[in-house]
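Starting from 1, each residue takes its place in the sequence as its number.
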Amino acid sequence: MSGPIIRVEGLRKSFGEREVLRGIDLEVAAGEVVVVIGPSGCGKSTLLRCLNHLESPTQGRIWLRGELLGLREKDGRLVPRPEAEVDRQRTHIGMVFQRFNLFPHMTALGNIIEAPMRVKGLSRAQAEERGLRLLERVGLLDRKDEYPARLSGGQQQRVAIARALAMEPEVMLFDEATSALDPELADEVLQVMQDLAREGMTMLVVTHEMGFAREVAHRVIIMDAGVVLEQGPPSVIFTRPTQPRTREFLRKVLHVRPDDAG
């Protein structure tokens with residue numbers, strides 16, 4: 001893996017007087033799968049939303065392949081980029097949310113082709129060719145004409161993944177993509193995510209799926225109270241964590257004892 005494709009320095013984010021992120025430094029190499037875990041409210045989702053510039057950082061900087069996200073230099077100082085430039089930057093970072101957010105009035109294929117046509121200027125024929133290829137990739141080619149209401153939760157989430165991939169992003173962000181699904185449907189989505197990882201997609205994944213983290217992640221990051229508490233290969237994090245808070249989290253929150261989790 002070469003890198004970093006993403007670099008974060010001193011990232012802070014506040015909502016009013018509440019500081020959710022308190023100084024995050026992070027690098028992600030191209031092709032790396034990074035899983036972020038931690039207790040609820042520790043800032044995991046906010047971190048992803050800042051990486052996609054759905055939230056503007058209060059302080060700090062984020063680079064994608066060396067280009068500063070959301071900011072640019074003008075007259076020797078950093079100023080916000082115009083919204084059109086931010087939208088262009090977002091096309092390089094796909095995001096899949098906990099809720100599927102599909103357009104209910106569009107078919108599975110319609111949901112996938114909308115952004116490539118509107119944002120990237122693809123013709124309908126080009127967009128449909130790409131959309132059909134992606135539906136096949138996530139195992140839903142036979143459901144291309146179905147509306148979201150006629151799809152299971154797992155199927156809707158797989159369409160959401162295909163929709164994000166249709167923009168040909170360099171990085172995929174997954175924010176608790178399986179937490180709204182029962183175990184069987186979650187497995188469908190996790191399989192697609194595992195396939196993406198094997199194909200070399202750069203991924204940051206917020207999840208409580210520890211099996212996925214152990215089997216797929218190159219690196220696991222533990223967050224707590226808006227900071228990175230500890231990070232390392234899953235073989236180390238789940239068996240020999242160095243921080244007492246990490247051990248407590250794995251034991252009490254996820255019901256995993258580090259010395260049993262290999």
Walk me through it: do L173 and V171 pass the test side-chain contact (heavy atoms from CB on, under 4.5 Å)? CA-CA 7 Å; L173 310 177; V171 177; 3.9 Å; yes
Is it the case that atom CZ in R88 sees more than 12 heavy atoms from other parts of the structure closer than 6.0 Å? yes
Return a table of donor-acceptor pairs under 3.5 angstrom between the side chains of residues 101-108 and protein atoms on other chains or two or more places apart.
from	atom 1	to	atom 2	distance (Å)
N101	ND2	R99	O	3.3
T107	OG1	G110	N	3.0

Please enumerate all residues that pass side-chain hydrogen bond (donor to acceptor under 3.5 Å, both in side chains) together with E230, with sequence neighbours excluded. T242, T246
Partners meeting side-chain contact (heavy atoms from CB on, under 4.5 Å) with E176 (sequence neighbours left out): K44, Q98, S179, V206, H208
Considering residues at least two apart in sequence or located in another chain, which fulfil the side-chain contact (heavy atoms from CB on, under 4.5 Å) criterion with A225? R22
Please say yes or no: joined through hydrophobic side-chain contacts below 4.5 Å, possibly via intermediate residues, are F100 and M172 part of one cluster? yes
Kindly write out the residues that satisfy side-chain contact (heavy atoms from CB on, under 4.5 Å) with E136, not counting sequence neighbours, or none if the list is empty. L141
Would you say V86 and L69 are hydrophobically clustered, going by side-chain heavy atoms of ILVMFWY under 4.5 Å? no
Find out whether L21 and V227 are in side-chain contact, i.e. whether some heavy atom of one side chain is under 4.5 Å from a heavy atom of the other. no
Side chains of F174 and I161 in contact at under 4.5 Å (non-hydrogen atoms): yes
R124 vs E129, test: salt bridge (Lys or Arg N to Asp or Glu O under 4.0 Å). Steps then yes/no. CA-CA 8 Å; R124 176 170 287 274; E129 180 183 2; over 6 Å; no
All pairs passing side chain to side chain donor-acceptor pair (under 3.5 Å) where residues 158-167 contributes a residue, at least two apart: R158-E188
Determine the minimum heavy-atom distance between I113 and A127, stating which atoms define it. CG2-O, 3.4 Å
Would you sort out whether V138 and V159 count as a side-chain contact (heavy atoms from CB on, under 4.5 Å), showing the intermediate values? CA-CA 8 Å; V138 299; V159 171; 5.9 Å; no
Got a second to check how far L229's CG is from C42's SG, nearest 0.5 Å? 9.5 Å
Output a table of donor-acceptor pairs, distance under 3.5 Å, between side-chain atoms of residues 48-64 and any protein atom two or more places apart or on a different chain; print 'none' if there are none.
from	atom 1	to	atom 2	distance (Å)
T58	OG1	S14	N	2.9

Nearest non-hydrogen partners of A197 and V216, listed with the distance: CB-CG1, 3.4 Å
Within a strict 4.5 Å, meaning less than it, do heavy atoms of the M95 and D175 side chains meet? yes
When you look at L165 and L196, which way does the side-chain contact (heavy atoms from CB on, under 4.5 Å) test go after all the steps? CA-CA 10 Å; L165 292 172; L196 288 174; 3.8 Å; yes
So side chain to side chain donor-acceptor pair (under 3.5 Å) across residues 190-200, not counting sequence neighbours, yields R137-E199, Q191-D195, D195-R198
Rounded to the nearest 0.5 Å, what's the gap from CZ on R214 to OG1 on T239? Could you check? 10.5 Å
Considering residues at least two apart in sequence or located in another chain, which fulfil the side-chain contact (heavy atoms from CB on, under 4.5 Å) criterion with P233? S235, V236
E85 side chain to P82 backbone, donor-acceptor under 3.5 Å: no
Less than 4.5 Å apart, any side-chain heavy atom of I93 and any of E170? no
Side chain to side chain contact (heavy atoms under 4.5 Å, CB included) partner of F249, the single match among R245, R247, R251: R245
Listed by chain and number, what are the salt bridge (Lys or Arg N to Asp or Glu O under 4.0 Å) partners of E168, not counting sequence neighbours? R130
Shortest non-hydrogen contact from N111 to P148? ND2-CG, 4.1 Å
Does a side-chain N-to-carboxylate-O contact under 4.0 Å join R12 and E19? yes
Rounded to the nearest 0.5 Å, what separates atom CD1 in I6 from atom CG in L204? 5.5 Å
Salt bridge (Lys or Arg N to Asp or Glu O under 4.0 Å) with R118: which residues, sequence neighbours excluded? E114
Nearest-0.5 Å distance, OG1 of residue T202 to CZ of residue R65: 7.0 Å
Give the intermediate values and the outcome of side-chain contact (heavy atoms from CB on, under 4.5 Å) for residues T178 and D187. CA-CA 8 Å; T178 61; D187 285 345; over 6 Å; no
R7 bridged to E9 by N-O distance under 4.0 Å: yes
Rounded at 0.5 Å granularity, tell me how far CD in E83 sits from CZ in R90. 5.5 Å
Which heavy atom in V28 sits nearest to a heavy atom in R219, and how many Å separate them? CA-NH2, 4.0 Å
Side-chain donor/acceptor of Q157 to backbone N/O of A177, under 3.5 Å: yes
Taking every non-hydrogen atom, the tightest pair across A164 and P169: O-CD, 3.4 Å
With the side chain counted from C-beta on, respond yes when M210 and F212 share a heavy-atom pair under 4.5 Å apart, and no when they do not. no
Tell me, do K144 and L132 make a side-chain contact under 4.5 Å, heavy atoms counted? yes
Could you check whether any side-chain heavy atom of M223 comes within less than 4.5 Å of a side-chain heavy atom of L47, counting everything from C-beta outward? yes
Linked hydrophobic residues, V119 as query - side chain contacts closer than 4.5 Å: M167
Please give me the minimum heavy-atom distance between A160 and V96, naming the atom from each residue. O-CG2, 4.3 Å
Salt bridge between E128 and R133, side-chain N to carboxylate O under 4.0 Å? no
Does any non-hydrogen side-chain atom of L140 lie less than 4.5 Å from one of L134? no
Main chain of A29, side chain of E32: is a donor-acceptor contact present, judged purely on distance under 3.5 Å? yes
Can a donor-acceptor pair be found, under 3.5 Å and without considering hydrogens, that links the side chain of S123 to the backbone of Q126? yes
Are L135 and M117 grouped together when hydrophobic residues (ILVMFWY) are joined by side-chain heavy atoms under 4.5 angstrom apart? yes
Between CD1 of I222 and CG of L250, what distance do you get to the nearest 0.5 Å? 5.5 Å
